[in-house]
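What follows is a set of notes on a single structure, which appears directly below.
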Amino acid sequence: MNTENTRTRDLNRVLNRRRIINLTGLAAVNLLISLWMGQQAYRWLPPQASAESVLVDKLFSFMTAVGCFIFIGVVGTLLYSMVFHRAAKYDTSDGPPIEGNVKLEIVWTAVPIILIIWIGTVSFNTYDQMSILGAIAPVTMKTVPTVPLDRKKEVLANPNPTDTSPPIEVNSRQWAWEFYYPDEGISSTELHLPVNQRARFKLTSEDVLHGFYIPAFRVKQDIIPGRAIDFSFTPIREGRYRLRDSEFSGTYFAANQTNVVVESEAAFQQWLTTAAASPAEPAENAASKEFTAAQNSGRFRWKTVKPAPAPTVNYTSSEKDSYE
Amino acid sequence: MSNALLEVESPRLPPQPETPESWRRFFTFSTDHKVIGIQYIVTAFVFFLFGGILAMVMRGELITPEADLVDHTVYNGLFTMHGTIMLFMWTFPMLNGLANYLVPLMIGARDMAFPRLNAVAFWMVPVFGVILIASFFVPGGPSQSGWWAYPPVSLQNPTGNLINGQSLWLLAVALSGVSSIMGAVNIVTTIFRMRAPGMGWFKMPAFCWTVLSAQLIQLIGLPALTAGAVMLLLDLTVGTSFFEPSRGGDPVLYQHFFWFYSHPAVYVIILPIFGVFSEVFPVYSRKPLFGYKVVVVSSLLITTFSLIVWVHHMFASGTPGWMRMLFMFTTMAISIPTGIKVFAWVATVWGGKLRLTTAMLFALGGLFSFLFAGITGIMLASTPFDIHVNNTYFVVGHFHYVINGAVVMGFYAAIYHWFPKMTGRMYYEGLGKLHFALTFIGINLIFLPMHPLGLMGMPRRVASYDPEFAFWNVIASLGGFLLGVSTLPFLLNMLSSWSRGEAAGDNPWRAIGLEWLISSPPPHENFEEIPIVISPPYGYGSDEPLVSNNPAGAVNP
C-alpha cells in the first residue's frame, strides 16, 4: 500500500514537473513571438517625423507585445481544446464536473490587474512626456490672445527664441486649411515648419468641428468653433507629410487635406521670404472642385452645404504634390 | 393575464389552425413573450440585411481611392444610416428579442411582467424603422452627419426644410429610446419578481444575469441620450442654442450627452452575448460554467464601470488632461471583469467533451473576435496611442470586431442553439457550418485590414482616400462582399428548416435549463406547472435534477 502510494506520488511529481516544463517552454515560445511582433509594430506606422511619434510608437510596440502574448495564449489554449478535447462520436458522457478553482480565479483576476496597472503606468508616463513636449493641448475655454501678455517674462523663462513668437494660426473651414504666420504676415494652404524646433499653433474653426491630424506626427486635436486651442509639437524629420481633417465635417470632409513640409531652418527662412514676396491669390481647393464637378455631373446627389470660398493666400501647393 | 386564467380552467388542447398558434400570430398585437421575441428577431434581421446592403455599397465605393460610385452626399447618408440601422434597428431589437424569448423560459415564468407594454415596445420598432427609412425620401435625403450626429454639422440643414433627414433621424432615435426604456422596465421587473420558486440569484442562468446587467444600463443611460436628442432636435427646429456655437451653445456638451449613453450602449449590446457564450460553452463542452458566481458578478461590475468610461471617445475633443487620465484608467479597469469572463470560458471549454456544432463554432468564433477586439480596446484606452488612431479606421476595425465579430456571431450561436426550441425543428448542420466558415472568413477579411489602415492614418467616414490606402481597402471590400454572401446559406437554412426540418424533440442538445424541460416549441403558457428549482444552473457531470417537479405537466411525461 505504502509503496504504491509513494509510487503514485512520484509519478504525479514527474508528470507535474513535465507539465511545468512544457508550459514554461510554450510560454517562452509565445514570449519570443510576442516580442518579435512588438518589433514589427513599428513597421505598421507612418514615418516617425516628430518627437511625439517616437514616444507613441514605443508605447504601441509595448502594447502590441503584451496583447500578442495574451492573444496567442488564449487562442492557443482554445485551439488545443478544439483539436484534442473533442467528444468521440458516440460518447454522450459529460466532462469532469469542475465548477471552478479559487486559486486559478485569483490568479487570473490578479494578472489582468497587474497588466492594466503596467500598461496604465507606461501610458501615463508617455502622456506626461508628451505634455512636456507640448503635444497635449491644455484646452482653454477662452480665446487665447495672439500676442503673449508678458513676453519679457516668457523670454526670461525660456531662452529659446522661437517660443516667444506668436503661434502659427491654423484656420479650418468647410473644407480648407489656411495657415497664417503672424510675424511675417504670410498665409499659406501648405504648412511649413522648421525641423527640430517646437512648432506652436492656435487652432480655430470658422464653422463646424474639424480635426487637426498629421499621422506622421501622431498628433491630433479637434478644433471647436468658438474656441481657440493652443497646440504644439516638435517635428524632427525633414520631409513632406499629409495633414488630414480627422473629425467628420460634412459633405467634402474627405477632400479636406493638405501637406506639411518640414525643412531645415535655412530652407524655411527661404520659403518665408519667397512667400512674403508673393501676392495673395485664391488657392486651389479640392472641395470646390469636387462640388463643381458634382453640379455638372448627372449623378444622383442630395443638397449640400456649399464649400466656403477658397482661401486667399500667399503660398499654395498643388494637391498633386507628393508626400510620404 | 386573462389568458392564464382560461388556460388553467380548460384542459390543454392541441394547437388548431384557427387558434392563435398559426403563423398569423406573428403579425398581430400578441402579448405572448415568445411571439414578441420572434417578432423582434425577425424584424431586426430584416433591418440587418438592409444595413448590410448599405455597407456593401460603401465597400463598393471604397474599393477605389476616388469617390466614383456615389456622390459624397450619398456616401455620407449611407454610413450614417448604416450605423444607425445596425445599432437602433438591428442589435438592440435583436437582443431584446433574445431576452424576450429566453428570459421568462429560463427563470420559469409564464410570460413577462407587463405583456402589453412588451407588445407596445415591440410595435414601436417598425414605427421608428419606417420613419428612418422614410428619411431617404425627403428633400435633402437622410441624415448625413454620422450616427453620432455631432453638432454643428448635424444642425446645418442645407435644404432649410423643417422636415429633413436629420429631424426625422432625431425623432426616430428618441422613439427608439422610449421603446428601449419600456423594454428595460419590463425585463428588469420580470427578472426581479417572476423567478420560479427556488431560483435564488445564484441559481439563475448566466444569460439572465447579463440581460439584467444590460437592461440596468438602459434604465440609467438612455434618458441622457434621449434628452440630448430632444435638445438637438430643438436646436435644429426651433432655434434654441444648447449646442450651436454661433448662438452661444456648446457642441462638446452634446458629446457628453451622447457618449454618456452610447458607450455603455456597447455593453448593453455585448453583455447578453456574453450570456449566450456562458450558455453555449457548457452545453457543447459537457462541463459546468467555470467560476459561475464570479462570471455573473462580473456582469454587474461591467455595468458599474461602463457608466464611467464615456470620455475615452473624446480624448481628442478638447478634453482636459486630468479627464483624459481618469478615463484612461477607468476604461482599462473595465477589461478586468471582462478578462475574467474570457478566462472562465476558456476554462469551461478546457478538458470538456467538445461537440463542434454550428452553435459552438459561432460561439468560439465570437470569443476569438471579442478577444482580439478587447486587446485593441485596451490599446485605444491608452490616451497617447488613442490620439493617433482616434477617428481612424483602427477604431472602425476595433468596434466591428466587437459588433460584427462577437455580437453577430454570438447572435448566430444563440439562433442555432435555440432554433430547435423556438421552432420544434432541427436546422441543417452542413449549411450551418458553411454559414460559419463564410462569416468567419468574411469578418476577418473585411475588418482586419482596417487596423493597418488606421495605423497608417486613414480617417473614418471618407468617401475618397489617398492611393497608399488602396491595397488594404480592396481586401476589405472583398471581405465585405463575402460577408454579404454569407447570409444566404443562413436564410436558406432557417427558412427550409423551419418549414420542413426534422422534428427536434424537447431537448436535442441534452442541455440543462428550464426551457429544455418543456416541449418544443413551448406551449403558450410555457409551464404547465411552475418549476421548483433545486439545483444550480450548470449541473453537467453530476446527476442532480434541476427541478423537483415536472414543469411540463402531464402532457409531456
Quick one: side chains of residues 74-84 of chain A, donor-acceptor pairs under 3.5 Å with protein atoms, not counting sequence neighbours, listed by atom name and distance.
residue: A/Thr77; atom: OG1; partner: A/Gly73; partner atom: O; Å: 2.5
residue: A/Ser81; atom: OG; partner: A/His85; partner atom: ND1; Å: 3.2

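- Ring-plane geometry between A/Phe124 and B/Phe329 is classed as tilted, the angle between the planes lying from 30 to 60 degrees on a 0 to 90 degree scale.
- Proximity to chain B (any heavy atom under 4.5 Å) is restricted, for A/Glu290, to the side chain, taken from C-beta onward.
- For B/Trp147 and A/Phe248, the ring centers sit 6.0 Å or farther from each other.
- Interface remark: A/Lys58 contributes no atoms to any contact with chain B (heavy atom separation under 4.5 Å).
- Contact annotation for B/Val342: only side-chain heavy atoms (C-beta onward) come within less than 4.5 Å of a heavy atom of chain A.
- Of the two parts of B/Phe290, the backbone and the side chain both hold a non-hydrogen atom closer than 4.5 Å to a non-hydrogen atom of chain A.
- Proximity to chain A is limited to the side chain of B/Val252, based on heavy atoms less than 4.5 angstrom apart.
- Contact detail for B/Ser317 and A/Gln221: the closest heavy-atom pair is C-NE2, 4.3 Å.
- For the side chain to side chain contact (heavy atoms under 4.5 Å, CB included) test with B/Ile387, the passing option among A/Glu52, A/Met130, A/Lys220, A/Arg218 is A/Lys220; the others fail.
- For B/Asn390, the parts lying near chain A are the backbone and the side chain together; criterion is any non-hydrogen pair under 4.5 Å.
- For chain A, no part of B/Trp345 is nearby; none of its heavy atoms comes within less than 4.5 Å.
- Checked against a 6.0 Å centroid threshold, the rings of A/Phe71 and B/Phe368 count as neighbours.
- Proximity to chain B (any heavy atom under 4.5 Å) is restricted, for A/Ala88, to the backbone atoms N, CA, C and O.
- One finds no salt bridge joining B/Lys353 and A/Asp94 here, because no Lys/Arg side-chain nitrogen approaches an Asp/Glu carboxylate oxygen to under 4.0 Å.
- Heavy-atom distances place both the backbone and the side chain of B/Val349 under 4.5 Å from chain A.
- By the 4.0 Å N-to-carboxylate-O rule, B/Asp250 lies close enough to A/Arg227 to be salt-bridged with it.
- With a 4.5 Å cut-off on non-hydrogen atoms, B/Arg510 touches chain A through its side chain but not through its backbone.
- Heavy atoms of A/Leu209 lying under 4.5 Å from chain B belong to its backbone as well as its side chain.
- Chosen from B/Pro245, B/Pro459, B/Ala381, B/Gly140, the residue pairing most often with chain A at heavy-atom distances under 4.5 Å is B/Gly140.
- With a threshold of 4.5 angstrom between heavy atoms, A/Arg86 approaches chain B through its backbone and through its side chain.
- For the pair A/Thr92/B/Arg286, no side-chain contact is recorded, criterion being any heavy-atom separation below 4.5 Å from C-beta on.
- The aromatic ring centres of B/Phe315 and A/Tyr127 sit 6.0 Å or more apart.
- Heavy atoms of A/Asn101 lying under 4.5 Å from chain B belong to its backbone as well as its side chain.
- For B/Asp466 and A/Gln257, the side-chain atoms include at least one donor-acceptor pair closer than 3.5 Å.
- Between chain A and the options B/Pro151, B/Ser285, B/Pro158, the largest number of non-hydrogen pairs under 4.5 Å is found for B/Pro158.
- Residue contact with chain B, scored on non-hydrogen atoms closer than 4.5 Å, involves the backbone and the side chain of A/Glu99 alike.
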